[in-house]
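Only this structure's heavy atoms are used, side chains among them; waters, hydrogens and symmetry mates stay out. All figures in this text were calculated on a predicted structure; none of them were measured in a lab.
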Amino acid sequence: MRSAIVLGAGMVGVSAALHLRRRGWDVALVDRLQPGRATSYGNAGIIQSEAVEPYPMPRDWASIVAIAAGRTNDVHLHWRSLPRHAPALLRYWRHSAPARHRRISAAYARLIAQAAPAHEEFMQDADVAGLVRRDGFRILYRDAAAMAAAVAEAERLRAEYGVASEALTPARLAAAEPALRDAGAGAIHWLDPWTVRDPGALVGAYADLFRREGGRFANGAAESLTPARSGGWLVDTAEGPVEAEHAVVALGPWSPALLRRFGYAFPMVLKRGYHRHYPGAALDLPLLDSAHGYVMAPMARGLRITTGAELAAPGAPLTPVQLARAERAARTLLDFGPGAEAEPWAGLRPCMPDMLPVVGPAPRHPGLWLDFGHGHQGFTLGPATGRLLAEMMAEDRPFADPAPFLPARWGG
């Protein structure tokens with residue numbers, strides 16, 4: 001029986017482990033935390049099958065100046081951290097050029113097309129009762145010009161990719177969400193996405209399925225990964241050393257630091273995001289407030305408000321400026337209570353400069369495989385890239401051309 005160690009028990013790692021186990025591999029899933037308790041826990045809980053194009057960096061000067069001056073809530077920049085981020089950001093800006101972005105989107109859309117089917121494969125056998133809705137989510141626009149532009153963009157995505165949506169007038173939005181005090185200029189209702197009321201619990205359900213199907217989970221230190229004398233890979237866990245023929249690095253934002261030990265330098269834009277829960281809000285579906293760069297999502301613990309991207313130095317003190325702005329904006333739309341947590345949750349989003357995840361073999365180390373760099377979409381894409389990776393590892397025919405995602409594109 002072929003064997004693998006999967007490092008990282010977020011959505012990406014759990015999905016890769018489960019796909020390998022379903023192909024008959026002996027798989028050990030290793031993380032310092034229980035499954036789904038790090039970055040995979042802190043998102044807005046949307047499986048975004050409408051997100052067929054990755055987020056490009058703004059290239060118009062008005063948007064760049066707004067970010068630099070702190071006039072937008074989409075991005076909060078720590079100026080002292082800019083030298084650290086600049087090399088990756090410059091690559092991100094270059095790949096956001098329209099012609100490059102179109103080529104990247106063509107590859108990205110092939111992954112997104114498998115997002116819901118790959119989740120469905122797990123959901124059929126996992127205990128997900130009461131966790132998932134299949135009614136989409138909405139984006140609110142506060143002025144008529146923004147709403148008109150959104151309608152045109154939605155029509156383009158329908159024509160090019162078949163993405164389903166519906167434009168809602170303010171009256172129809174108010175009827176759908178009667179607790180809203182202000183329906184703005186209306187909303188786009190994206191019809192295909194699924195929403196999850198506890199993202200960490202969904203990852204945990206997939207991890208439980210992995211265990212039921214014969215997989216092993218162990219708490220362990222990813223940084224202990226080392227080549228084994230047998231030619232495979234070895235990692236230390238609380239249950240003792242675990243050895244396997246293959247190892248998968250699925251550590252999200254922590255992947256590049258581990259891989260530097262093996263001589264790899266992966267550029268990554270590390271974006272920090274925040275969330276907090278608030279009791280008392282009566283919102284039916286998640287709502288993105290486009291003018292203020294945050295999402296309100298009904299969750300098991302209350303209304304979760306999640307923020308855009310903060311660019312800060314690693315380990316920098318938390319500065320939840322965006323969350324405070326988002327809360328003020330949200331209170332103009334809904335009534336809800338004070339924050340449930342004394343301190344907001346914060347986590348990192350691992351974004352590659354070309355907006356594509358890293359999936360495939362490490363160029364110089366046989367048996368070492370990589371699956372990270374999903375940006376804002378690890379929760380959506382984990383089962384799809386896990387399938388792609390497992391197909392490559394098992395030497396099956398992959399469902400999509402793996403070339404755009406291979407680690408070797410960043411140098412061997």
*asked:* Looking at E120 and R134, is there a salt bridge between them, counting it only when a charged N and a carboxylate O are closer than 4.0 Å?
replied: yes
*Is a side-chain donor or acceptor of H19 paired with a backbone partner of P383 at a separation under 3.5 angstrom?*
yes
*Any donor-acceptor pair under 3.5 Å linking the side chain of S15 with the backbone of G386?*
no
_Could you check whether any side-chain heavy atom of I67 comes within less than 4.5 Å of a side-chain heavy atom of D74, counting everything from C-beta outward?_
no
*What's the shortest heavy-atom distance between M147 and L168, and which atoms?*
CE-O, 3.7 Å
_Suppose we screen for ring-ring contact (aromatic ring centres under 6.0 Å, His included). Which residues come up paired with H78, at least two apart in sequence or across chains?_
H76
*Is there side-chain contact between P199 and Y41, with heavy atoms separated by less than 4.5 Å?*
no
*E177 and R138 ion-paired at < 4.0 Å*: yes
*Could you tell me whether a side-chain N or O of R304 sits under 3.5 Å from a main-chain N or O of N43, the two making a donor and an acceptor?*
yes
*Over 60° means perpendicular and under 30° means parallel, so classify the ring planes of H365 and W233, tilted if in between.*
tilted
_H95, H374, H101, H376 screened by ring-ring contact (aromatic ring centres under 6.0 Å, His included) with Y55, the one that passes_ = H376
*Does a side-chain heavy-atom distance below 4.5 Å link W369 with V6?*
no
*Does the pair E50 and S165 meet the rule for a side chain to side chain donor-acceptor pair (under 3.5 Å), with working shown?*
CA-CA 9 Å; E50 95 296 346; S165 65; over 6 Å; no
*Could you tell me whether the side chain of N219 and the main chain of V30 form a donor-acceptor pair under 3.5 Å?*
no
_Test item: S96 side-chain N/O and M57 main-chain N/O as donor-acceptor pair under 3.5 Å_ = yes
*Give a yes or no on whether the backbone of A44 and the side-chain of T306 come within a donor-acceptor separation of less than 3.5 Å.*
no
_Under a 4.0 Å threshold between the charged nitrogen and the carboxylate oxygen, would D127 count as salt-bridged to R212?_
no
*asked:* Are H85 and Y92 an aromatic pair, judged by ring center distance below 6.0 Å?
replied: no
_Closest contact, heavy atoms only, F405 versus A107_ = CZ-O, 3.6 Å
_Looking at L140, is its backbone amide N or carbonyl O close enough to the side chain of S290 to form a donor-acceptor pair, meaning the two atoms are under 3.5 Å apart?_
yes
*With Y206, the ring-ring contact (aromatic ring centres under 6.0 Å, His included) member among F217, F122, F379*: F122
*Got a sec: does the CZ of R91 have more than 12 other heavy atoms crowding it under 6.0 Å?*
no
_Partner of E310 under salt bridge (Lys or Arg N to Asp or Glu O under 4.0 Å), chosen from K271, R325, R349, R272_ = R272
*Below 4.0 angstrom, N of the basic side chain to O of the carboxylate: do E239 and R216 qualify?*
no
*Closest heavy-atom pair and its distance - A16, L389*: CB-CD2, 4.2 Å
*Lys/Arg N to Asp/Glu carboxylate O, D396 vs R23, below 4.0 Å*: yes
*asked:* Can you tell me how the ring of H246 sits relative to the ring of W25, calling it parallel under 30°, perpendicular over 60° and tilted otherwise?
replied: tilted
*Ion pair present between D289 and R142, side-chain N to carboxylate O less than 4.0 angstrom?*
yes
*NZ/NE/NH1/NH2 to OD/OE distance under 4.0 Å, R409 and D354*: yes
